[in-house]
Protein chains: 2
Amino acid sequence: MQERTRPVTINDIAAATGVAASTVSRALTKPGRVSAATRERIEAAARELNYIPNTQARALTSGHTQTIAVLVSDVTNPFYFGIIRGTHQALKAAGYAQLLIDSEDSAEVETQMLHRMRQSLDGAILAASRLPERALSLLAAEIPLVTINRNVRGVQSVMIDTPNGIAQAVEHLASLGHHDLIYVSGPERSWPNEARWRAMRTAAAKHGLQVRRVGPFAGSRPSGTAAADAVVNTRATACVVFNDLLAIGMLSRLAERGVRVPGDLSIVGCDDIFGADFCHPPLTTLTAPIGQAGRVAVAMLLSRLKGPTPPDAVRRTVVLPTHLTVRESTGPAPIPAPS
Amino acid sequence: MQERTRPVTINDIAAATGVAASTVSRALTKPGRVSAATRERIEAAARELNYIPNTQARALTSGHTQTIAVLVSDVTNPFYFGIIRGTHQALKAAGYAQLLIDSEDSAEVETQMLHRMRQSLDGAILAASRLPERALSLLAAEIPLVTINRNVRGVQSVMIDTPNGIAQAVEHLASLGHHDLIYVSGPERSWPNEARWRAMRTAAAKHGLQVRRVGPFAGSRPSGTAAADAVVNTRATACVVFNDLLAIGMLSRLAERGVRVPGDLSIVGCDDIFGADFCHPPLTTLTAPIGQAGRVAVAMLLSRLKGPTPPDAVRRTVVLPTHLTVRESTGPAPIPAPS
DNA sequence: AATCTCGTGGCAACCGTTTGCCATCATTTG
DNA sequence: CAAATGATGGCAAACGGTTGCCACGAGATT
């Protein structure tokens, strides 16, 4: 029925209460700055008129947009769902909006987007950045940044301690009698991938086990085919896989080839994403506190936006623990067939 | 090294080229309005200085924020991944930013958020709105809206034609010799849920099959337990389930109870979400073009934002076809045990 | 040759809010 | 009782663009 009405502004409130616009502004944003009496009158009027502050105008002077970008390298990767959920919750609770950006696995898109939007953002959370270290530092000087699973000097970060979990996984496999392990590598330039591989080697060494690596593979389901084939060729009896997505892809291929899991081959994934518990067989995996990672990242970012960077009060890096969740994709090492 | 530099403004460019700021503005936004020569000079300077227009300031006068909100009822529901991906792609291509909002399945949050942000948005896409029809119409008057899977007079929408797919599913089950069908119902107030149930009844009637309904259940994995138990009680031989998430939940419970799928019970899901192909057994399901739905929704919204609502040139409702993807959760009806 | 057009660019107001500075008045202090 | 102090509110200038209106000059028209 009614025309699209012009939104209520502070001027309308000022007119309604007979004070200046500046007083309205202060009453609404700096509670102590005006007398309690007038503040109440103004607040009443604001409620009455159903006033909603204009974010754009606010941002223009204050420089704060109340918006945080969350960058993921691929929105369809279930690993990020948890993160997105976590950041979303925390941001919403703090009154911030979440701008979701898919960097399409491209460092260029990542920089471009961040650079172009920097005036519209108060900060950004980088889940799995593909950026080289130098570019990341540079960017961090332009806009407040928190990375997830990426450790760069001078940039706050939340690290998921998968390496430590890897040790648990290797222990688990060792106790099942496996001697010959494979690490199925993810993308070469992925930071967590390298960390996992290093952890795997040290853990294997500690238990006196042999460990090799195949790959690199993309951390996606389709790559599972090639990965599975590669692993089968090695004749190893157990493997730890870069992430669950890849592991699930492998599962399909192995079923196709008639390789029994865990009868012939035990598999450990990483992350415990959606699906890891209902694939077949359910995946033994390193459960990562993904949602928490998102929430913590937001907390770090926001605390920095509030206090003007108290040098050390803000912790630079937070490490979140992981643990091994044993399901059905791991089992005793097969008795070697007499050759 | 360098201080956080003040961003380049239109005035800087004006100063650099010796023209007025207004001319710069026009050169950059209304190409025909200035002479080619000056425009080129200005563009060169803009490139040179690495000028990035300030979105907030632009929005203030123009009223356009180049931002579209995408509302989902639960970010962690894999059904929305596809939609989010689709909208994201399309929006990015058109130079819009995507603001992701989780309505937490609450009509109240939905209205609140939309209302509060309406000044910061050019429009919104509602994937699975929980809003009553009236509220939706009202909201549509406030801010350009496109709904997905929700048909309300006067509101543009993208409909996924699952009902038609249901007919295919019933046909499939009929051909496998099933006579006694169950529809496992989703949330009561869900629009698509009702549509699916209606389609199921007419399809069953057409084939002379018996069909009942159990539920309502939440469209989530945990609800699968109760749903599975309910279905087993009915002694039906086949069921169509509101969505894949619920179906996958049922699968787990059925395995636990020793009910074989499809040996004892055939199951058809809806949506073909991530995971439907690798659960156990892989789910026969109605494949919905989810990503496309997101893209189409964006296209509809943007075309309306451009042309000032050419009454009919903009189609009001677009229907997207679905098809049945047969995997391994459906099979021949069991031979009834002699009682 | 005088006028009409049109293309081009500048001026200045405006979008809604924030904020530095000043004026006012009441209260406290010496 | 005069002066200093502090609390409170108004004025006006930003913030970075956009846009209506006007002015100027060149080419076209009569």
Side-chain angles (χ1 to χ4, degrees), chain A residues 4-46 49-67 95 116-122 305, chain B residues 4-43 45-46 49-67 95 116-122:
Chain A
R4 193 166 171 177
T5 62
R6 191 180 57 79
V8 177
T9 75
I10 55 172
N11 297 301
D12 300 332
I13 301 182
T17 51
V19 299
S22 53
T23 306
V24 176
S25 172
R26 282 193 276 256
L28 264 25
T29 58
K30 311 206 161 60
R33 187 60 176 69
V34 299
S35 75
T38 49
R39 174 159 56 87
E40 271 163 31
R41 269 173 47 223
I42 290 174
E43 281 175 349
L49 297 175
N50 195 5
Y51 167 71
I52 297 170
N54 182 318
T55 343
Q56 332 298 332
R58 223 171 227 190
L60 202 53
T61 38
S62 70
H64 302 308
T65 60
Q66 302 292 102
T67 302
R116 289 197 36 220
M117 315 209 76
R118 87 188 147 119
Q119 296 181 55
S120 330
L121 298 175
D122 284 356
L305 294 186
Chain B
R4 192 167 172 178
T5 62
R6 190 181 58 78
V8 176
T9 74
I10 210 178
N11 297 298
D12 299 333
I13 301 183
T17 51
V19 299
S22 52
T23 305
V24 176
S25 172
R26 282 193 275 256
L28 263 26
T29 58
K30 310 208 161 57
R33 187 60 177 71
V34 300
S35 75
T38 49
R39 174 160 56 87
E40 270 164 32
R41 269 173 49 221
I42 290 174
E43 282 175 348
L49 297 174
N50 196 5
Y51 167 70
I52 297 170
N54 182 318
T55 342
Q56 334 295 335
R58 222 173 229 187
L60 203 51
T61 38
S62 70
H64 302 306
T65 60
Q66 303 290 102
T67 302
R116 288 196 36 220
M117 315 209 76
R118 87 188 146 117
Q119 296 181 55
S120 331
L121 297 175
D122 284 356

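Order of the sequence lines fixes the chain letters, A, B, ..., with proteins taken first and strands second; residue numbering starts at 1 for each chain.
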Participant: For DNA chain C, which residues in residues 14-22 of chain A have a heavy atom at a distance below 4.0 Å?
Facilitator: Ser22(A)
Participant: Without decimals, in angstroms, what is the distance between Gln66(B) CD and dT18(D) P?
Facilitator: 11 Å
Participant: In Å, rounded to the nearest 0.5 Å, how long is the span from OG of Ser120(A) to CD1 of Ile52(B)?
Facilitator: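 Taking OG in Ser120(A) and CD1 in Ile52(B), the distance rounds to 9.0 Å.
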Participant: Over how many whole Å does the gap from Arg33(B) atom CZ to dC22(D) atom C1' extend?
Facilitator: 11 Å
Participant: Within the 4.5 Å heavy-atom criterion, are Arg58(A) and Thr29(A) side-chain neighbours or not?
Facilitator: yes
Participant: Nearest 0.5 Å, please: how far is OG in Ser22(B) from CD1 in Ile10(B)?
Facilitator: 8.0 Å
Participant: Once you round to the nearest 0.5 Å, how far does CG of Asn54(B) lie from CZ of Arg118(A)?
Facilitator: 11.0 Å
Participant: Please find the earliest and latest nucleotides of DNA chain C, in the 5' to 3' direction, that have an atom within less than 4.0 Å of any heavy atom of chain A.
Facilitator: dG16(C) to dC21(C)
Participant: Please tell me if Arg58(B) has a side-chain N or O lying less than 4.0 Å from either OP1 or OP2 of dT18(D).
Facilitator: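 True: Arg58(B) side-chain N/O within range (under 4.0 Å) of dT18(D) OP1/OP2.
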Participant: If you take all heavy atoms of Arg39(A) and Pro31(A), which pair is closest and at what distance?
Facilitator: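 In this case the closest contact between Arg39(A) and Pro31(A) is NE-O, 3.5 Å.
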Participant: Between Gly95(A) and Gln66(A), what is the shortest heavy-atom contact and its length?
Facilitator: O-NE2, 3.8 Å
Participant: So, for Ala20(B) and Ala14(B), which heavy atoms are closest and what is the spacing to 0.1 Å?
Facilitator: C-CB, 3.9 Å
Participant: Take the protein atom NE2 of His64(A) and the nucleotide atom C1' of dC15(D), then report the distance between them rounded to whole Å.
Facilitator: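 Nearest whole value for this atom pair: 13 Å.
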Participant: Please list, in numerical order, the residues of residues 23-30 of chain A that have a heavy atom closer than 4.0 Å to any atom of DNA chain D.
Facilitator: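 Thr23(A), Arg26(A), in order of number.
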Participant: Starting at CG of Asn11(B) and ending at C1' of dG17(D), how long is that distance when rounded to a whole Å?
Facilitator: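 Computing the Asn11(B):CG to dG17(D):C1' distance gives 9 Å.
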Participant: Once you round to the nearest 0.5 Å, how far does CE of Met117(B) lie from OG1 of Thr55(A)?
Facilitator: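 That separation rounds to 6.0 Å.
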Participant: Write down the atom of Ala16(B), the atom of Leu49(B), and the distance for their closest heavy-atom approach.
Facilitator: CB-CD1, 4.4 Å
Participant: Mind checking whether Leu28(B) and Tyr51(B) have side chains closer than 4.5 Å, heavy atoms only?
Facilitator: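 Answer yes - side chains close enough.
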Participant: With a 4.5 Å limit on heavy-atom distance, are the side chains of Thr23(B) and Arg33(B) in contact?
Facilitator: no
Participant: When you measure from every atom of DNA chain D, which of residues 34-42 of chain A have a heavy atom less than 4.0 Å away?
Facilitator: Val34(A), Ser35(A), Thr38(A)
Participant: To the nearest 0.5 Å, how far apart are OG1 in Thr65(A) and CG in Asp122(A)?
Facilitator: 3.5 Å
Participant: Looking only at atom types and distance, does a side-chain atom of Arg41(B) sit under 3.5 Å from a main-chain N or O of Thr17(B), one as donor and one as acceptor?
Facilitator: yes
Participant: Could you tell me, to 10°, how much the axis swings from one end of the helix from dA1(C)-dT30(D) to dG30(C)-dC1(D) to the other, five pairs per end?
Facilitator: 50°
Participant: For residues 49-56 of chain A, which residues have at least one heavy atom under 4.0 Å from DNA chain D?
Facilitator: none
Participant: Among Val34(B), Ile13(B), Ile42(B), whose side chain to side chain contact (heavy atoms under 4.5 Å, CB included) with Val19(B) holds?
Facilitator: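 For Val19(B), the side chain to side chain contact (heavy atoms under 4.5 Å, CB included) test succeeds with only one of Val34(B), Ile13(B), Ile42(B), which is Ile42(B).
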